[in-house]
Asks: 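Can you read through this structure? Questions will come right after.
Note that these values count all heavy atoms, side chains included, but never hydrogens, waters or copies made by symmetry. Labels below follow one simple rule: chain letters A, B, ... track the order of the sequence lines, proteins then strands, and each chain is numbered from 1. Quick caveat, the model's predicted, so the values are computed rather than measured.
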Amino acid sequence: MRKKYNKNFLVGLYRTMMRIRICEESLVEPILRGEVKCPCHLYSGEEAIATGVCAALDESDYIFGSHRSHGHYLAKGCSMPELIAEIYGKETGCSKGRGGSMHLIAPEKGMLGAVPIVGGTISIALGAALASKIRKQKRVTVSFFGDGTTGEGVLYESLNFASLKKLPIIFACENNLYSTHLPIRECRLQNNIFKTGVPFGIPGDRVDGNDVLKVYESTKAAVEICKKGNGPVFIEFLTYRLRGHVGPDDNIHGMRTDIRPKEEIERWQKKDPIKRYERFLFKNKILVKQEVEMIRKEVEQEVNNSFAFALSSSYPKEMELTKYVFKE
Amino acid sequence: MSLKNRKLQYSLAINEALHQMMEIDESVFLIGQGVKSPWYVGNTARGLLERFGDERVIDTPVSENAITGAAVGAAIAGMRPIVVHPRMDFMMYAMDPIINESANWHYMFGGNSTVPVVIWSIINRGGEQAAQHSQALHTLCAHIPGLKVVMPATPYDVKGLMIAAIKDDNPVIYIDDRWLYNLEGDVPEEIYSVPIGKGIICKKGKDITLVSVSYMAIEAIKAAEYLKKEGIDVEVIDLRSVKPIDKELLFESVKKTGRLIIADCGWKTCGFAAEISAMVCENIFEYLKSPIARITLPDTPAPASFALEKVYYPKSNNIIAKIQEVLKWETK
Ligand SMILES: Cc1ncc(C[n+]2csc(CCOP(=O)(O)OP(=O)(O)O)c2C)c(N)n1
């Protein structure tokens, strides 16, 4: 069925998901050991979204992220060594150790910033889209945010303005069913996030966020709409985080406090986007087990190299504490 | 009946104040993010939901502006809400209901309405959380006419100031610090208030006045204890309220010691320490024997990297060094 895609493309998606997963999981031990100190909101389980969305974008297209953006950053083609170095607080990190896991950036790759104020980058993404429109550039901006973020008023203000000005922006809501400890049903009455833009005249789509090709296809369609000047678009991606809200399992003060039901977690483990896509690739004879193993090995090597880079890098110098407050 | 020397953790002293005030006053309710969570806000809210139900203990979606506005509105309608922001940074979404609405309300309607709301926010620094999870923005609040701002440093004060804030008919910004949450101290069991606008002398001394608030009061005491061994007698004041400021206590102490150093957990420029310094210069300049010194954060956003965090947050050793410097000044 998916004959329309060539092998390189399909394998590329797989590789990107694996890069995110292995990179995320390799942080688990260092976090538990206390070697990684900055808060890490792991993206494991949500890889298909970042991967599918960014596959539908050009390098020059923009993305903005949130507190949980390691995946967005990697999928947009940004440097893994700089990510790990940033998480380790090193001068070689993408934010020079000033930002940590929650402040990721790579302007040259179109990754214009991720910050942990919930909803904080939505209006900023709006501005980037506005800039593209003013400059008449065929460039799309994606604003990534979670389901919990739909509580913030800035989303609605931004939707209104985006639609008013027909901005080339995709509001990409990753619905992983939780906002920290609150299940989505305690955050909103109706299960219709994908219709959020409708009152503003913005079409919405709900997509299985654990199916990378579906994510890609819906984003591709949204990109077309935006590039034709008919944006914005709102997409809700359904997914689940396989780890805790922050850290491997919300292991705060030595208490394991993941409040989600065990059966629910297990149900979603079965829907693991990577295993699922792997089955698809096998079934369609796009990859054989050996090739998968090879990709895994290569990615592991990349991850190891990234850690080696981070660990051998220097910390920022104390005397440079106030560097970057202003552009000199 | 108060049991003498009953020790309680800072976070549990808050919890006790909430239990007691919700018990005696049905108009008190708690609203905000995390009151049901197993994390630190949940710790201070322990047992409240079970006891008072989800109409008076309300965990909310992320929507700081609406929820804070709702608390302000409920206060205007006669309730006594406490709205919690797990990090002060997140409260920035709520600056309109706080600054434009709650602070001005009583005045702009000629005293015809009051806003007895407690806006509780937590400073949660360090841990490589970087710029948006660590800001101590008390100065920003204290700048606004119509807002009272309290920053308790001890378990005793945290309970007493929470109670005073709840009873106050004005909007009170109640700011605590995550670094204090495990601190133990004496806390009477009964309901008591620590008056808003009254500081306390934590340690009497004659050589120099060291003024601080919140977590810096703890570092100030440490510094004073160290200097005592060096023969330097520091008077430590914990102002407890950032607004109104206890001028009498401050002036009396500076008149006695002739020297002033301020240790604040916020930034330097146009900050709380600048205000204290200006107050003293304006009013009792003639008593000063040496320049006023300030210990603050550098005018820099919080860095993530531990390597920078350790020089970013001032500690007792910075206070000690500064005091030694101030005392040398005279002999120049
Ligand atoms: C303005 C603001 N309020 C509260 C928080 C605390 N917080 C961090 S992540 C989060 C949950 C966000 O949920 P969602 O948007 O669904 O993203 P997810 O963590 O599920 O990926 C909250 C409430 C914050 N960072 N910023």
Asks: Checking heavy atoms, do the side chain of A:Lys317, its backbone, both or neither come under 4.5 Å from chain B?
Replies: backbone
Asks: For the atom pair CD (A:Glu152) and CZ (B:Phe90), what is the distance rounded to the nearest 0.5 Å?
Replies: 10.0 Å
Asks: Write down the atom of B:Glu128, the atom of A:Pro39, and the distance for their closest heavy-atom approach.
Replies: O-CD, 3.5 Å
Asks: Does A:Lys195, at its NZ atom, have more than 12 non-hydrogen atoms belonging to other residues, nucleotides or ligands within less than 6.0 Å?
Replies: no
Asks: Which region of A:Leu321, side chain (C-beta onward) or backbone (N, CA, C, O), has a non-hydrogen atom less than 4.5 Å from a non-hydrogen atom of chain B, or is it both or neither?
Replies: both
Asks: Does atom CD (B:Glu55) have a neighbourhood of more than 12 heavy atoms from anything else shown, all under 6.0 Å?
Replies: no
Asks: Would you compute the distance between atom SG of A:Cys187 and atom CD of B:Gln33 and round it to the nearest 0.5 angstrom?
Replies: 9.0 Å
Asks: Can you see which heavy atom on A:Gly100 is nearest to which on B:Ala304, and at what distance?
Replies: N-CB, 3.4 Å
Asks: Please identify, among B:Asp299, B:Ile67, B:Thr300, B:Asp89, the residue contributing the most non-hydrogen atom pairs under 4.5 Å to chain A.
Replies: B:Thr300
Asks: Would you mind checking which part of B:Lys36 comes under 4.5 Å of any heavy atom in chain A, side chain (CB onward), backbone (N, CA, C, O), both or neither?
Replies: both
Asks: Specify the closest pair of heavy atoms between B:Val62 and A:Gly148, including all atoms of both residues, with the distance to one decimal.
Replies: CG2-O, 2.8 Å
Asks: Rounded to the nearest 0.5 Å, how far does NE2 of B:His133 lie from CD1 of A:Ile117?
Replies: 6.5 Å
Asks: Minimum heavy-atom separation for B:Tyr93 and A:Gly119, please, with both atom names.
Replies: OH-C, 3.1 Å
Asks: Between B:Glu64 and chain A, with a heavy-atom cut-off of 4.5 Å, which part of the residue counts as in contact: side chain, backbone, both or neither?
Replies: both
Asks: Which region of A:Thr149, side chain (C-beta onward) or backbone (N, CA, C, O), has a non-hydrogen atom less than 4.5 Å from a non-hydrogen atom of chain B, or is it both or neither?
Replies: backbone
Asks: Tell me whether the count of non-hydrogen atoms from other residues, nucleotides or ligands lying under 6.0 Å of CD in B:Glu50 goes above 12.
Replies: yes
Asks: So which of B:Pro303, B:Ser37, B:Gly126, B:Ala131 has the largest heavy-atom pair count under 4.5 angstrom toward chain A?
Replies: B:Ser37
Asks: Output the distance between atom OG (B:Ser305) and atom CD (A:Glu91), rounded to the nearest 0.5 Å.
Replies: 8.5 Å
Asks: Does any backbone or side-chain atom of A:Val154 lie under 4.5 Å from a heavy atom of chain B? Answer side chain, backbone, both or neither.
Replies: side chain
Asks: Given B:Gln132, which of A:His103, A:His67, A:Met102 fulfils the side-chain contact (heavy atoms from CB on, under 4.5 Å) condition?
Replies: A:His103
Asks: Roughly how far apart are A:Arg188 CZ and B:Ser63 OG, rounded to 0.5 Å?
Replies: 11.5 Å
Asks: Where is the tightest heavy-atom contact between B:Ala130 and A:Arg98, given as atom of each residue plus distance?
Replies: CB-O, 3.9 Å
Asks: Take atom NE2 of B:His19 as the centre, draw a 6.0 Å sphere, and report whether it contains more than 12 heavy atoms from other residues, nucleotides or ligands.
Replies: yes
Asks: When heavy-atom pairs shorter than 4.5 Å are enumerated against chain B, which of A:Gly151, A:Ser95, A:Gly120 gives the highest number?
Replies: A:Gly151
